[in-house]
Each structure stands twice: as structure tokens, then as C-alpha cells.
Q: 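Sharing a structure here in C-alpha cells format.
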Protein chains: 2
Amino acid sequence: MPRAGLDRAAVIAAAAEVADERGFGQLTMGLVAERLGVRTPSLYKHVESLAALRQGLAALAMTELGDALRDATQGYAGRDALAAAARAMRSYLTEHPGRYAVTVGAVVDPELDAAGARVVESLAAVLRGYRIDPAEQTHALRTLRSTLHGFATLQTAHGFQWNADTDQSFEWLIDFLDRGLRRP
Amino acid sequence: MPRAGLDRAAVIAAAAEVADERGFGQLTMGLVAERLGVRTPSLYKHVESLAALRQGLAALAMTELGDALRDATQGYAGRDALAAAARAMRSYLTEHPGRYAVTVGAVVDPELDAAGARVVESLAAVLRGYRIDPAEQTHALRTLRSTLHGFATLQTAHGFQWNADTDQSFEWLIDFLDRGLRRP
DNA sequence: GCTTTTAGCTAACGACATTAGCTGAACCTG
DNA sequence: CAGGTTCAGCTAATGTCGTTAGCTAAAAGC
């Protein structure tokens, strides 16, 4: 019985792969264990429950998204920063649909909150390139986040019913946001 | 053994109540049956499976949302129509969080598609009040839908972390959309 | 080397979805 | 209204999945 050398991070990483490949709904203790070459109950030495595993995965996804946003916007400002952030967010959500889906509907949790705060911080940094009334900062931030989140989730979920180019729509959306944020 | 007089619609309606009250994740055959005063296996005389029940529920939610949008925008145009549609959409999603959650991640299905098309049609009607280049219609439509969907789902999911008034943010968002859609 | 800790395992239980097969209520048909 | 047919809802049983209990041997500490 050679040990597998697992830890909480390894289990969550395997869960992330399962969620991305088979979909959020197929995230099951059995599939995660199988991927790690281990029997199902062994996972409980590293995560308390499936719910906790989902929480951890949600935090991982939010952290990765935050990193992606930070890296993408590094060194840009104004419209360039906005476009970079928007594309980075869409890329992450479409490349890791299962991972991100867990964050929606996840319960309040310090780790997830902290990661979410970093995402918000990156978006706030993008807004700094626009002259926005401090009193409206929060509203603009929420609008930006909602728009990007909504586009990406709608696309990965049903997709938009008709088939006009989605990339083109997204570039139009970036332009729409830029124009709107530029002029109060 | 007096008969309960169920049918597919009654089962889906009960499922909708369960989903709204206990959350999407708690939508279980047992809870639906209990609400109807019936034993679990009896449901299978009316729906083929839990997956099919979810599909039916998704279609119901999308249909209700479409009706709400149609009713709310009736007789309005331009900014008024936009505001009415936005508020109607947010109201529906927040009043029926579980119901709507099922539509995200639902599989392609003729009934859901048709209902979704009616939602899109109502939003397209709103856009008619703005002078939008026909070539950009689809992009504007997707942007509008994404923004409203994103705001409502983010709000009902984690809620926005900080506590500035959400209603106020939403009104700002409506204004943002109106200004953006109006310009050249 | 010897002890202690603990990762991973087998066995077992409970919740839930689903199927098979029964029974009697409702609905026909004459 | 009698007799037959349909079928809604039930009980019993099976399979999957999450979770717990308790064992064993691999690692880690002395």
C-alpha cells in the first residue's frame, strides 16, 4: 500500500480538472478519487466533505481569475486595460467553465471572499484609468463586473441562440463599456 | 387511495416552489413529492426523470421571464422601456432565484429555446426605441442581456461584497445602458 | 530499533434516483 | 348500471454516491 502523497491542494486541483472536463454537475468524490488513483474515502483525510471541496475549488477559481486579471492589465491603462481585463476574464471563464461555475452559488467563506476582493481590486484598477466620480465608483465597478460575468456565463451556458460571431459581439461590448465609462 | 389528480404541469409547479424556497441544489424528487402529498415514485408517471423535471422547470422559468418582460415593457419606448425591462428582469430573478438558476446550465431543448427566443424578442423590442445600426443589433442585444443577467445572478449568488445600496447601483446601470445605447 | 502518527483501505449506512410490479380508482362501453 | 379497461399512485427493491468507523501499514520522530 504505497502512499499517494496527497494533500488538500492536490485534491482540489484534481477536482478542478474534473469540473472543467465533465462539468460542474459531474463533480463527484468518486471521479476525483479515481483521477488521483485512490479510493473514495481516502479523500476525507484531506477535505471535510464534498461541500468543502466545492468551497475550496471556488476559492481556487476566484484566485486564479484574480491572478489572470492582474497579469493581463499589468502596465496598461484606460481602454487598453479595460480590453485586457475583459478578454482575460472571458478567456478564463471559457477555458475553465466548471471551475468558475462553482463560485456561483458558493456560500460566504473568508477565503473566497478574499479572492473575490482581489478580483474586484483588479477591476477597480481598470476603472482608475477613467475619470469617474468617486460616488459612482461602486456602481461602475458592479456594472463592469456584471457585464463581463454575464456575457461569459451566458456564452458558456446555452451560448447565444443565433450564430453571429461571438468574438465580434464581445469586442463591441468592450467598446460599449469604454465609451460609457469615458463620458459621465 | 384517493387520487391526487396530478399532471406534468402540477409537478413542475411544485418543483418551482421547492427550488425557490430551498434553493436549486435542494431540488429533489422527494421534496417535490412531499409537497404534492404523494410518494416519490408516483412522480415518474408525469416526468421521466429529475433531469427532465429540471428541463421543464427551466422552460417554465424562461417562459415566465418572457411574459414578465413583455408585460412590463408594454406601451413604453426608449429609456422607459429599457428601465421597465431591466427592473422586471431583476425582480423576476430575485423573486425566483432557484427557478432561474435551473436555466443556466440547462441543455439545449426546443421548449427552452422557444421560451428563450421570446425573452430575446422582448429585449429586441426595447432596442427598437434606440437608433441602432442594424449591423450592431445583435451585439447590442447580447450586451444588454449579458448585463442584466450578470447583475441579477451576481446579486442573488454571493451578493456584492460591500454594502452600498444595490438598488442604487442598478439604477445607475440602467442609466449607463441608456446613455450608451443612445449615442452615435 | 521502537514508538507514534496518520494516509489510505475495506466495510457499512443513509439519502436519493430510478425500475418493476401490484392495486384499486376513474373512466369507458354496452 | 354492470363489466371491463386504463392508469395514477403505492410498496418493494436496486444502484449510485456521500459519509463514517475502524483497521493496517507507511512514514516520521525518538
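Chain letters run A, B, ... following the sequence lines, proteins first, then strands; residues in each count from 1.
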Q: NA contact type, B:Leu43, heavy-atom cut-off 4.0 Å: base, sugar-phosphate, or nothing?
A: nothing
Q: By the side chain to side chain donor-acceptor pair (under 3.5 Å) test, which pairs, at least two apart or in different chains, include something from residues 101-110 of chain B?
A: none
Q: Cluster partners of A:Val108, using ILVMFWY side-chain heavy atoms under 4.5 angstrom, listed by chain and number?
A: A:Val107
Q: Considering only NZ, NE, NH1 and NH2 on the basic side and carboxylate oxygens on the acidic side, decide whether A:Asp67 and A:Arg118 come within less than 4.0 Å.
A: no
Q: Rounded off to whole Å, could you give me the CG-to-P distance for the B:Leu6 and D:dC7 pair?
A: 16 Å
Q: If the condition is salt bridge (Lys or Arg N to Asp or Glu O under 4.0 Å), which residues does B:Asp167 pass it with, not counting sequence neighbours?
A: B:Arg90
Q: Give me each pair satisfying ring-ring contact (aromatic ring centres under 6.0 Å, His included) with a member in residues 82-103 of chain B, each pair once, sequence neighbours excluded.
A: B:Tyr92-B:His96, B:Tyr100-B:His149
Q: Quick one, which residues of residues 27-40 of chain A touch DNA chain C with a heavy atom under 4.0 Å?
A: A:Val38, A:Arg39
Q: Please pick, from D:dA8, C:dG8, C:dT10, the nucleotide with the shortest atom-to-atom distance to any side-chain atom of A:Pro41.
A: C:dT10
Q: Do any pairs count as a salt bridge (Lys or Arg N to Asp or Glu O under 4.0 Å) and have a residue in residues 40-57 of chain B, sequence neighbours left out, and if so which ones?
A: B:Arg8-B:Glu48
Q: With sequence neighbours left out, write down each residue that passes salt bridge (Lys or Arg N to Asp or Glu O under 4.0 Å) with B:Asp20, or none if nothing qualifies.
A: B:Arg99
Q: Listing request: all ring-ring contact (aromatic ring centres under 6.0 Å, His included) pairs with a residue in residues 8-66 of chain B, at least two apart in sequence or in separate chains.
A: none
Q: Side-chain N or O of B:Ser42 versus OP1/OP2 of D:dA8: is the shortest distance under 4.0 Å?
A: no
Q: Might you list the N or O atoms of the protein lying below 3.5 Å from N or O atoms in nucleotides 4-6 of chain C, with each pair's distance?
A:
from  : atom 1 : to     : atom 2 : distance (Å)
C:dT6 : O2     : A:Arg3 : NH2    : 3.1

Q: With respect to the phosphate group of D:dC7, does any side-chain polar atom (N or O) of B:His46 fall under 4.0 Å of OP1 or OP2?
A: no
Q: Sequence neighbours excluded, which residues qualify as salt bridge (Lys or Arg N to Asp or Glu O under 4.0 Å) partners of B:Arg35?
A: B:Glu17, B:Glu21
Q: My understanding is that only residues two or more places apart in sequence, or in another chain, count here; which of them pass salt bridge (Lys or Arg N to Asp or Glu O under 4.0 Å) with B:Arg39?
A: none
Q: Strictly below 4.0 Å, heavy-atom distances to any atom of DNA chain D: list the hits from residues 47-58 of chain B, or just say none.
A: none
Q: Answer yes when B:Arg128 and B:Glu121 have at least one side-chain N-carboxylate O distance shorter than 4.0 Å, and no when they do not.
A: yes
Q: Nearest-Å distance, OH (A:Tyr44) to P (D:dG22)?
A: 17 Å
